[in-house]
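Shown next, in structure tokens, is the structure this report addresses.
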Amino acid sequence: MTLQRPRGTRDFLPDEMEERRALEGGLRRIAGQWGYREIGTPAFEDAELFTIRSGEGIIHEMYAFEDKGGRLMALRPELTAPVIRLYLNEARVSKKPIRWFYFGNCFRYERPQKGRYREFWQFGAELIGMDCAGTDAEVVMLAQALLCATGITFSLQIGHLAFMQKTLSGLDPETRRRVRALIDKRDKDSLEALLDGREDDVLSRITALASCTDLEDAFAISGVTDERDRILEVFSLLDAGEVSYTLNPGIARGLDYYTGMVFEAFAQNLGAENQVMGGGAYRLAHLFGGEDTPSCGFGIGFDRVMASRGVREPSPSLKVAVIATPEGRTWAVKVAAAMRSSGLTVISDHSDRSIGSRIGGAVGEAAIVAIIGGREAADLSVTLKDLASGVQTTLPLSEAVTMVVSRGPCG
RNA sequence: GCCAGGGUGGGGUAGUGGUUAUCCUAGGGGACUGUGGAUCCCUCGACCCGGGUUCGAAUCUCGGCCCUGGCCCCA
């Protein structure tokens, strides 16, 4: 038996790889238009970088290992922590706000299923060092612009932690933590069991908030006043940016470092693993020993976006197949080089069959064949045959190149 | 970690205990050598792994691995 690829990983053949690169390129271009610049971080880091953020428990869900120096390392399971680490190491005195985006593979030791792999790719953006309604709105608008560009159908939900925090403010910290986790899980039964018998109406308020989609209702139910102006401004900016979203004050986010606005997007046509984007405003830098720094960012599940897009026809490109007879081979090398210098994609046919069968073999692979035999080699010309139309002409090299270039892409 | 369904050449398949494992497709080689995937010939190549039952296992059985989907988790 041949060796197998590791569980939960994938190989990409050229068709799929081209699609992935095309999508990647589109996302990079848009992030660039918003003034975000790409950064890169190592594939592995000190495991501590991730356990500080998410707790010791996640060590079992990471590819963690001891290196030869006895250090506990981990393949990165996500990219937000590395980005903040990079910021603290290299850029804390940079002009604020910092706008960065990233695209990279991440690794988690989990059971594979649809939309979940042990190696997966994330595209994300972070805005670091400024915290206002304008930055909150910008980050959400960027996320939406990126997702729209992928062509998938998704729903965007936006909330703010203030609603739930205010609603839960009467509870002791431990109960509050458990309630938040249960809300995140949407575990209604356990929630009722935990809060049953309380004098206040916390349970009913939580339930009302979770199903509330109107901003004024959310303020009324939760009693939020301090952050009201900020929240209203964010949403009015989002409306001005024509972002289509659903308000979801029930987004709780179990993690403590999220501070304000939170948002998520779900693809319409995926199974259980349908969240394609998640993000929010957070403060993480102080956990890593830096100065307390506000940030706002999101991550897009690249593989889930690919899955949601489904299989697409590869885009056609203009390719030239160079078919040479033994007498034409030397000249054919020069012809191919000249064509490539002009930006064309050229495939040299090195087989030794009849011209006829080689033309046949080029059908479906190339749009044009260049036939180079003794006659062409003798007068430094090229015979071009358009496989779609069957039209054939013999021209001097420079004219032949010009003609192919002007033809443009085709199937 | 749990549940369900799966695993036969590169891809797709036939095969309910019995010859040399079927067929399609793809790949390689040859004939053909200045014009459309042709044709003809040759060829490579598989029962996921291991134990058990049996005279005999792709087939029955147990364990593992892997795949697909779901649960848990989801930073």
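Here is the naming used below: chain letters follow the sequence lines, and residue numbers restart at 1 for every chain. All figures in this text were calculated on a predicted structure; none of them were measured in a lab.
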Item to complete: Assign Gly374(A) to base, sugar-phosphate, or nothing according to its heavy-atom contacts below 4.0 angstrom with the strands shown.
Response: base
*So, do Glu264(A) and Ile251(A) sit near enough that their side-chain heavy atoms are less than 4.5 Å apart?*
yes
Quote, to the nearest angstrom, the C1' distance that separates A57(B) from C49(B).
15 Å
Rounded distance in Å between the C1' positions of A4(B) and A46(B): 27 Å
Here the salt bridge (charged side-chain N to carboxylate O under 4.0 Å, His left out) pairs for residues 355-366 of chain A, sequence neighbours left out, are Asp349(A)-Arg358(A)
G28(B) and C47(B), which share atom name C1', separated by this distance in whole Å: 24 Å
Taking any heavy-atom pair under 4.0 Å as a contact, classify Glu365(A): base, sugar-phosphate, or nothing.
nothing
Pairing partner of C44(B), by Watson-Crick or G-U wobble and under 3.5 Å for both distances, is none
- Item | Heavy-atom side-chain proximity of Arg118(A) to Arg7(A) below 4.5 angstrom | yes
Residue pairs passing the ring-ring contact (aromatic ring centres under 6.0 Å, His included) test with at least one member in residues 373-406 of chain A, sequence neighbours excluded, are none
Quick note, salt bridge (charged side-chain N to carboxylate O under 4.0 Å, His left out) partners involving residues 324-336 of chain A, not counting sequence neighbours, are Arg329(A)-Asp352(A)
Taking a pair to mean Watson-Crick or G-U wobble geometry with both distances below 3.5 Å, U59(B) pairs with none
Rounded to whole Å, NE2 of His60(A) lies from P of C74(B) at a distance of 14 Å
When rounded to whole Å, the CG to P distance for the pair Asp11(A) and G11(B) reads 12 Å
For residues 33-52 of chain A, the salt bridge (charged side-chain N to carboxylate O under 4.0 Å, His left out) pairs (sequence neighbours left out) are Arg28(A)-Glu38(A), Glu45(A)-Arg85(A)
Gln392(A) atom CD is separated from G34(B) atom C1', nearest whole Å, by 9 Å
Quiz prompt | Whole-Å P distance, A14(B) and U53(B) | solution = 31 Å
Rounded to whole Å, the CZ-C1' distance (Arg283(A) to A75(B)) equals 20 Å
* A21(B) to G64(B) separation - P atoms, rounded to the nearest Å -> 31 Å
Please output the side-chain donor-acceptor pairs of residues 94-101 of chain A that fall under 3.5 Å, not counting sequence neighbours, one pair per line with the distance.
unit_1   : atom_1 : unit_2    : atom_2 : d
Ser94(A) : OG     : Ala91(A)  : O      : 3.1
Lys96(A) : NZ     : Arg92(A)  : O      : 2.9
Lys96(A) : NZ     : Ser94(A)  : O      : 2.8
Arg99(A) : NE     : Glu138(A) : OE2    : 2.7
Arg99(A) : NH2    : Glu138(A) : OE1    : 3.1

Residue pairs meeting salt bridge (charged side-chain N to carboxylate O under 4.0 Å, His left out), one or both in residues 368-386 of chain A, sequence neighbours left out, come to Asp386(A)-Arg407(A)
Its contact letters, B for base, S for sugar-phosphate only and - for none at protein heavy atoms under 4.0 Å, make nucleotides 65-71 of chain B read -SS-SSB
Sequence neighbours excluded, the answer for side chain to side chain contact (heavy atoms under 4.5 Å, CB included) partners of Ala332(A) is Val322(A), Ala324(A), Ile372(A)
Spacing of the C1' atoms in G15(B) and U22(B) (rounded, Å)
7 Å
Test side chain to side chain contact (heavy atoms under 4.5 Å, CB included), reference Cys296(A), set Asp131(A), Asp136(A), Thr135(A), output is Asp136(A)
Rounded to whole Å, the OH-P distance (Tyr258(A) to C74(B)) equals 13 Å
Expected list for residues 349-362 of chain A near RNA chain B, using heavy atoms below 4.0 Å, is Asp352(A), Arg353(A), Ser354(A), Ile355(A), Gly356(A), Ile359(A), Gly360(A)
Considering only distance and modelled atom types, tabulate donor-acceptor pairs under 3.5 Å from the side chains of residues 149-156 of chain A, sequence neighbours left out.
unit_1    : atom_1 : unit_2    : atom_2 : d
Thr150(A) : OG1    : Leu147(A) : O      : 2.6
Thr150(A) : OG1    : Ile152(A) : N      : 3.4

Contacts of Ser295(A) meeting side chain to side chain contact (heavy atoms under 4.5 Å, CB included) (sequence neighbours excluded), chain-then-number -> Ile84(A), Ile128(A), Tyr282(A)
Paired to C71(B) by Watson-Crick or G-U wobble criteria (both distances under 3.5 Å) is G1(B)
For the pair Phe107(A) and Tyr63(A), name the ring-plane relationship: parallel under 30°, tilted 30 to 60°, perpendicular over 60°.
perpendicular
Point to revise | G1(B) to G18(B) separation - P atoms, rounded to the nearest Å | key: 38 Å
Here the distance between atom P of C74(B) and atom CZ of Phe50(A), to the nearest Å, is 18 Å
Item to complete: Could you check whether Ile323(A) gets within reach of a base, just the sugar-phosphate, or nothing at all, counting any heavy atom under 4.0 Å?
Response: nothing
From OH of Tyr102(A) across to P of A75(B) the rounded distance in Å is 13 Å
With a 4.0 Å cut-off on heavy atoms, is Glu110(A) in touch with a base, just the backbone sugar-phosphate, or nothing at all? base
Indicate, yes or no, whether a donor-acceptor pair under 3.5 Å links the base of G1(B) to the side chain of Glu61(A). no
To the nearest angstrom, the CG-P distance between Asp386(A) and G36(B) comes to 15 Å
Per the under-4.0 Å heavy-atom filter, residues of residues 73-81 of chain A near RNA chain B come out as Pro77(A)
| message | Strictly below 4.0 Å, N to O, side chains only: are Asp303(A) and Arg20(A) in salt-bridge contact? | response | yes
Of C74(B), U35(B), G37(B), the nucleotide closest to the side chain of Thr383(A) is U35(B)
Using the C1' atom on both, measure G12(B) against G51(B) and round to a whole Å. 32 Å
